[in-house]
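Report on the following structure.
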Amino acid sequence: MAPPTGKRVKGVQILRPFVYGTTAKPFDEKTNPKPPGVPDDHTHSWTVFIKGIDDVDITYWLRRVQFKLHESIPNHVRMVEGIKGQPFQIHETGWGEFEITMKLYYVPESSEKPQTLYHHLRLHPFGRTEEEKEAMRLNGGEVISWVYEEQIFNEPYEPFYEILTSGALPPSASTLKDGGGGGGGSGAATPTSANTPGASSSKGGNKKGHERSHSRASVSTNKDGKNNNEPKEEPFVIQRSEGGVLERSAMIPLVNRPGQPFSRETEQLEIQKLKEAKLKVDEMKKQMMEDLEKKQKRLEALRAENAQAA
């Protein structure tokens, strides 16, 4: 951990969403053949990982991750260094489930101490109901055990605060802001794949992670055709593409997509489940109070009968 530099930004709390967990799949000759050299008793291939929400880069705040696996696995303590745009992950094979320890080391500018996460490796279908377990079996036997988490930085140091709060705009935004983009008329530029600091970049087309930044010059004229005022640049507008998120931001995807189960849509579904569960609990509580009231009346009647008999 680097020594603290600068002052802490008081009264500020910054969060960054990320996902961690494991994905496992049984060996199968057609869909998941066992690689050469894998022990005969190994039944599954599996991956443990930490990555950004919507697969955005998180190496600007997370430097490395130490994974501690079961002691029976060779080299069971492994350090994975951050590579821009890639998840922190380990691929392995095995036959048993166990708890994995993940120690998070932050970038030097943060001056934050490492934090530890724990996750249970799941190789076999699990769920609250048999239907949920069967759904995993039908999905090629792939078992997904993922957790949504939010990393919270309380009152970060000034250098780290600058890293966390700058660079969320696409590269085209700075070009337009400096007066680029053509002959000074109205126009919109789409982000490129340039790896500039703090820029949003993704592979191919206008896919998730891309946003557009618009800059329009508004000019009014009088009857003689002369300008009444100088061109004025309108504020930049950040737009999500396909419900995705901006790089280096705390955004969450708007809707679920394949391989991206955490979104505002998921959040609303969970809230709805909680509301339905609360209604059910309230109904159970009401029924319990009614039963308790009946028993109380019955108890008072029995006491009265005993008093008369005495």
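Values reported hereafter were calculated over all heavy atoms of this structure, with side chains retained and with hydrogens, waters and symmetry mates removed.
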### Query
Does the side chain to side chain contact (heavy atoms under 4.5 Å, CB included) test come out yes or no for Gln86 and Thr59, once each step is laid out?
CA-CA 8 Å; Gln86 296 186 20; Thr59 57; over 6 Å; no

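- Atom NZ of residue Lys25 and atom OG1 of residue Thr47 lie 11.5 Å apart, to the nearest 0.5 angstrom.
- Ion pair Asp54/Arg257 flagged as a salt bridge, since at least one NZ, NE, NH1 or NH2 atom sits closer than 4.0 Å to an Asp/Glu carboxylate oxygen.
- Residue Glu290 places its CD atom among more than 12 non-hydrogen atoms of other residues, nucleotides or ligands, all under 6.0 Å distant.
- Within the 3.5 Å criterion, the main-chain N or O of Gly11 finds a donor-acceptor partner in the side chain of Glu155.
- Hydrophobic clustering keeps Tyr161 apart from Leu246 (ILVMFWY residues linked when any side-chain heavy atoms are closer than 4.5 Å, directly or through intermediates).
- Here the closest non-hydrogen pair linking Tyr157 and Glu109 is CB-O, 4.5 Å.
- Electrostatic pairing of Glu283 and Lys286 does not count as a salt bridge here, judged by no charged N lying under 4.0 Å from a carboxylate O.
- Every side-chain contact (heavy atoms from CB on, under 4.5 Å) that Asp41 has, sequence neighbours left out, goes to Pro39, Trp95.
- Using a cutoff of 4.0 Å between basic side-chain nitrogens and carboxylate oxygens, Glu112 and Arg8 are scored as salt-bridged.
- Of the options Gln151, Lys113, Arg63, a side chain to side chain contact (heavy atoms under 4.5 Å, CB included) to Tyr106 is made by Gln151 and by none of the others.
- Ionic pairing of Glu276 and Lys273 is not present here: no N-O contact between side-chain nitrogen and carboxylate oxygen is shorter than 4.0 angstrom.
- In the displayed structure, Tyr105 atom OH is contacted under 6.0 Å by more than 12 heavy atoms of other residues, nucleotides or ligands.
- From Arg16, atom CZ reaches atom CE of Met251 across 10.5 Å, with rounding to the nearest 0.5 Å.
- One distance of note links OG1 of Thr22 with CG of Leu123; it measures 7.5 Å at 0.5 Å rounding.
- For the atom pair NE2 of His42 and NZ of Lys34, the computed distance is 8.0 Å after rounding to the nearest 0.5 Å.
- Residues in residues 6-26 take part in these ring pair (Phe, Tyr, Trp, His ring centres under 6.0 Å) pairs, two or more places apart or across chains: Phe18-Trp61, Tyr20-His119.
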### Task
Evaluate side chain to side chain contact (heavy atoms under 4.5 Å, CB included) for Lys103 paired with Met79, printing each intermediate quantity in order.
CA-CA 9 Å; Lys103 197 170 185 179; Met79 188 73 78; over 6 Å; no

### Task
Report the C-alpha distance between Phe49 and Trp146 in whole Å, list the side-chain angles of each, state the deciding distance to 0.1 Å, and finish with yes or no for side chain to side chain contact (heavy atoms under 4.5 Å, CB included).
CA-CA 9 Å; Phe49 69 89; Trp146 296 1; 3.3 Å; yes

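- A salt bridge links Glu81 with Arg64: the distance from a Lys NZ or Arg NE/NH1/NH2 to an Asp or Glu carboxylate oxygen falls below 4.0 Å.
- Here the side chains of Ser45 and Phe27 are in contact, with some heavy-atom distance below 4.5 Å.
- Between the side chain of His70 and the main chain of Phe98, no donor-acceptor pair closer than 3.5 Å is present.
- At a threshold of 4.0 Å, the pair Lys278-Asp282 counts as salt-bridged, since one of the basic side-chain nitrogens sits closer than that to a carboxylate oxygen.
- Here the side chain of Glu150 pairs no donor or acceptor atom with the backbone of Ala250 at under 3.5 angstrom.
- Cluster annotation: Phe88 and Leu104 are assigned to the same hydrophobic cluster (Ile/Leu/Val/Met/Phe/Trp/Tyr, side-chain heavy-atom contacts under 4.5 Å, transitive).
- Here the straight-line distance linking atom CD1 of Ile271 with atom OG1 of Thr266 works out to 11.0 Å at 0.5 Å rounding.
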### Query
Trp46 and Val143: side chain to side chain contact (heavy atoms under 4.5 Å, CB included), yes or no, with the steps?
CA-CA 9 Å; Trp46 54 267; Val143 177; over 6 Å; no

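- In this structure, CG on Asn75 lies 9.0 Å from CD on Glu92, to the nearest 0.5 angstrom.
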### Task
Start with the C-alpha gap between Glu130 and Lys133, add the side-chain angles, then the distance that decides, and say whether salt bridge (Lys or Arg N to Asp or Glu O under 4.0 Å) holds.
CA-CA 5 Å; Glu130 289 299 323; Lys133 296 179 183 179; 3.7 Å; yes

